[in-house]
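Reminder, nothing fancy here: chain letters follow the sequence lines and each chain counts from 1.
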Number of protein chains: 2
Amino acid sequence: MKIATWNVNSVRTRITHICDWLQANPDVDVLCLQETKVIDADFPHTPFTDLGYQTYIYGQKSYNGVALISRSQLQNIQTGFASVLGDLEDPSLDEQKRLITAKFSDIQIVNMYVPNGSEVGSEKYEYKLRWLKLLKNYLKTLLSQNNDVLICGDFNVAIADLDIYDPKGRENKVMATDIERETLAQVLNLGFKDVFRKFETAGGYYSWWDYRSGGFSRNRGWRIDYHFLTQSLCDRATACVIDVEPRKLTQPSDHTPVIVTID
Amino acid sequence: MKIATWNVNSVRTRITHICDWLQANPDVDVLCLQETKVIDADFPHTPFTDLGYQTYIYGQKSYNGVALISRSQLQNIQTGFASVLGDLEDPSLDEQKRLITAKFSDIQIVNMYVPNGSEVGSEKYEYKLRWLKLLKNYLKTLLSQNNDVLICGDFNVAIADLDIYDPKGRENKVMATDIERETLAQVLNLGFKDVFRKFETAGGYYSWWDYRSGGFSRNRGWRIDYHFLTQSLCDRATACVIDVEPRKLTQPSDHTPVIVTID
DNA sequence: GCGCCAGCTG
DNA sequence: CAGCTGGCGC
């Protein structure tokens, strides 16, 4: 089976790219989208259903929004933190639509769009850290209910210097500070493995290139989109690849898909 | 020789349509554009110069803006009222970039974008009437200096009921009120002939179809784009046609070109 | 740079 | 309905 993650930066603007990619990759079972940027009432279901996919969505106006595009029906769809954790101490952490989970075969798939954090020390940065801390509780609960958990999406954190084209000064840059890395590590320490690194230990592999500064042509990217798998699931993985092709198209998303293959 | 007028509703958005049209109509000597909607620094010259045209522009940010696209060099380019009339009593009438004139062969071509007027009785409506009154003085001056004058562009007035798909209630509609018609008639009475009517006396011929209400497919249009010629020039005209083809393209301007042929 | 929106004009 | 702007977010 294949599971893919792709921050599409507007599902409506990118609909042709996404459908073209699905047709070129017919063996992808579940595609996890982030930054759909559309309210549920306006989500473009038919392009996907016409191709034989089911859609599971959790969107809002203008910002954020996640979706699952699946060849087969998924079970137990849950959206936001509260659907898993019950009422939140800090309900603001569920105001933005960033989290959807569902069962696919024996795997609990969690599709997320971690807050960006804007600037180090900002209110948005603090929100990001609080969000990641609550994510740990959320995943603890899911792990208590499921043997195999796959979390994927746009994590907005480069977990190692190897994952940034130029790590110089990264300590003060959002998406690369020690505190962000440590807070995310606390989450991953629950038992999640970066499956991409099972197959590739070199640098120079990225999933996001800023629109600004023409970073893609010079491969000035960051690896911030991941699949993290629980150990037994990671053991079953046979490949994890970043498909840079969609980033080469006209009017591309700034992110490109990452696909994991599991036996 | 052929002279064309076309309100393109943004020269940058429409650049492909315009260049395609020029290539399909290589015998057009001068194309008069309105609503270029771009400051001079950002005008797309190269698409035109690459095709062998010269460009003469008079633009502003966001709104209005006119340009002359010519196969040969034009003489005596003058922009705005003041370039012809000297200092204006009401300088606000030159704040919007709506007027460019130049000599092509023996013909003084005046390319204009008459104010729309917004709503009857509004401040913008009064501005339109004041603008047309000043236009009369402006043309009087040009007529004193030139034998053959051609004025063309988007006049934002349907000069007869025949020029509106449904003239019912037109007396209270901007672009069709008696006062607008009379004010424009005062201008045309200087000696200008509606050359289109030299060849076609029937209704049902329009140059603009509102984007709203899907008016084009039902031919719910208005004829508000004209070539008005001084008598001797009108006598030399052998054709005047409205080319509806560009209005059928995807993402079209709401106006379509009008072309006059002069021997 | 490239999405989004609201608010403007026609 | 389809241009434009300015402001926000990343």
Side-chain angles (χ1 to χ4, degrees), chain A residues 7-15 17 33-39 42 59-65 96 98 113-120 122-125 127-128 154-157 173-176 208-217 220 222 224-225 247 249-255, chain B residues 7-15 17 34-39 42 59-65 96 98 113-120 122-125 127-128 154-157 173-175 208-217 220 222 224-225 247 249-255:
Chain A
N7 178 325
V8 291
N9 191 16
S10 171
V11 68
R12 285 179 294 181
T13 299
R14 222 69 60 204
I15 191 68
H17 286 10
L33 302 180
Q34 302 91 41
E35 285 207 85
T36 54
K37 295 188 174 180
V38 64
I39 56 171
D42 293 341
Q60 68 175 84
K61 185 157 70 162
S62 299
Y63 304 112
N64 315 310
Q96 303 175 6
R98 298 178 172 276
Y113 175 49
V114 175
N116 169 279
S118 190
E119 289 188 45
V120 178
S122 68
E123 179 49 51
K124 290 191 173 73
Y125 183 78
Y127 184 88
K128 177 181 193 170
D154 176 356
F155 286 76
N156 269 317
V157 178
K173 283 183 197 152
V174 76
M175 304 197 295
W208 172 75
W209 298 262
D210 201 324
Y211 286 125
R212 296 160 282 193
S213 72
F216 181 64
S217 59
R220 300 171 144 257
W222 296 54
I224 57 178
D225 302 270
R247 185 59 239 245
L249 301 171
T250 51
Q251 305 264 94
S253 168
D254 44 351
H255 297 251
Chain B
N7 178 325
V8 290
N9 190 16
S10 172
V11 68
R12 286 178 294 181
T13 299
R14 221 68 61 203
I15 191 69
H17 285 12
Q34 303 90 39
E35 284 207 87
T36 54
K37 294 188 175 181
V38 65
I39 56 172
D42 294 341
Q60 68 174 85
K61 187 156 67 162
S62 300
Y63 303 113
N64 315 310
Q96 303 175 5
R98 299 178 170 276
Y113 175 50
V114 175
N116 169 280
S118 191
E119 288 188 46
V120 177
S122 67
E123 179 49 51
K124 291 192 171 72
Y125 183 80
Y127 183 89
K128 178 181 192 170
D154 176 357
F155 287 76
N156 270 317
V157 178
K173 284 185 198 153
V174 76
M175 303 199 293
W208 170 76
W209 298 262
D210 201 325
Y211 286 125
R212 296 162 282 196
S213 73
F216 181 64
S217 59
R220 299 171 145 255
W222 295 54
I224 57 178
D225 301 271
R247 186 57 240 245
L249 300 172
T250 52
Q251 304 265 92
S253 167
D254 44 350
H255 297 251

Can you name the atoms? Protein N/O to nucleotides 8-10 of chain D N/O, anything below 3.5 Å, with the distance.
residue, atom, partner, partner atom, Å
D:dC10, O3', A:Asn116, ND2, 3.2

Is the phosphate of C:dG3 approached by A:Arg14 (side-chain N or O, under 4.0 Å from OP1 or OP2)?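 True: A:Arg14 side-chain N/O within range (under 4.0 Å) of C:dG3 OP1/OP2.
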Should A:Thr13 be listed as having a side-chain N or O under 4.0 Å from OP1 or OP2 of C:dC4?
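So the side chain of A:Thr13 is within the cut-off, an N or O lying under 4.0 Å from OP1 or OP2 of C:dC4.
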Length of the line joining [X]:[atom1] and [N]:[atom2], which is rounded to integer Å:
X        : N      : atom1 : atom2 : result
B:Gln60  : C:dT9  : CD    : P     : 13 Å
B:Met175 : C:dT9  : CE    : P     : 16 Å
B:Arg12  : D:dA2  : CZ    : P     : 19 Å
A:Ile15  : C:dG3  : CD1   : P     : 14 Å
A:Lys61  : C:dC5  : NZ    : C1'   : 7 Å
B:Gln34  : C:dG10 : CD    : P     : 15 Å
B:Leu249 : D:dA2  : CG    : P     : 14 Å
B:Glu123 : C:dG10 : CD    : P     : 13 Å

Q) Which residues pass the ring-ring contact (aromatic ring centres under 6.0 Å, His included) test with A:Phe216, sequence neighbours left out? A)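 A:Trp209.
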Which residues share a ring-ring contact (aromatic ring centres under 6.0 Å, His included) with A:Tyr113, sequence neighbours left out:
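Per chain and number, A:Tyr113 pairs via ring-ring contact (aromatic ring centres under 6.0 Å, His included) with no residue.
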Check side chain to side chain donor-acceptor pair (under 3.5 Å) between A:Thr13 and all other residues, then give those that pass, not counting sequence neighbours.
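Partners of A:Thr13 by the side chain to side chain donor-acceptor pair (under 3.5 Å) criterion, ordered by chain and then number, come out as A:Ser10.
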Pairing residues for B:Asp210 by the side chain to side chain donor-acceptor pair (under 3.5 Å) criterion, not counting sequence neighbours =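 So B:Asp210 forms a side chain to side chain donor-acceptor pair (under 3.5 Å) with B:Arg212.
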Partner residues of A:Glu119 under the side-chain contact (heavy atoms from CB on, under 4.5 Å) criterion, sequence neighbours left out |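 Only A:Ser122 meet the side-chain contact (heavy atoms from CB on, under 4.5 Å) criterion with A:Glu119.
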Next on the checklist: Below 30° counts as parallel, above 60° as perpendicular, anything between as tilted: where do the rings of B:Trp222 and B:Trp208 land?
Outcome noted: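 Rings of B:Trp222 and B:Trp208: perpendicular, over 60°.
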Q) From the list C:dG3, D:dC4, D:dG6, which nucleotide is the closest neighbour of the side chain of A:Ser10? A)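 Closest of the options to the side chain of A:Ser10: C:dG3.
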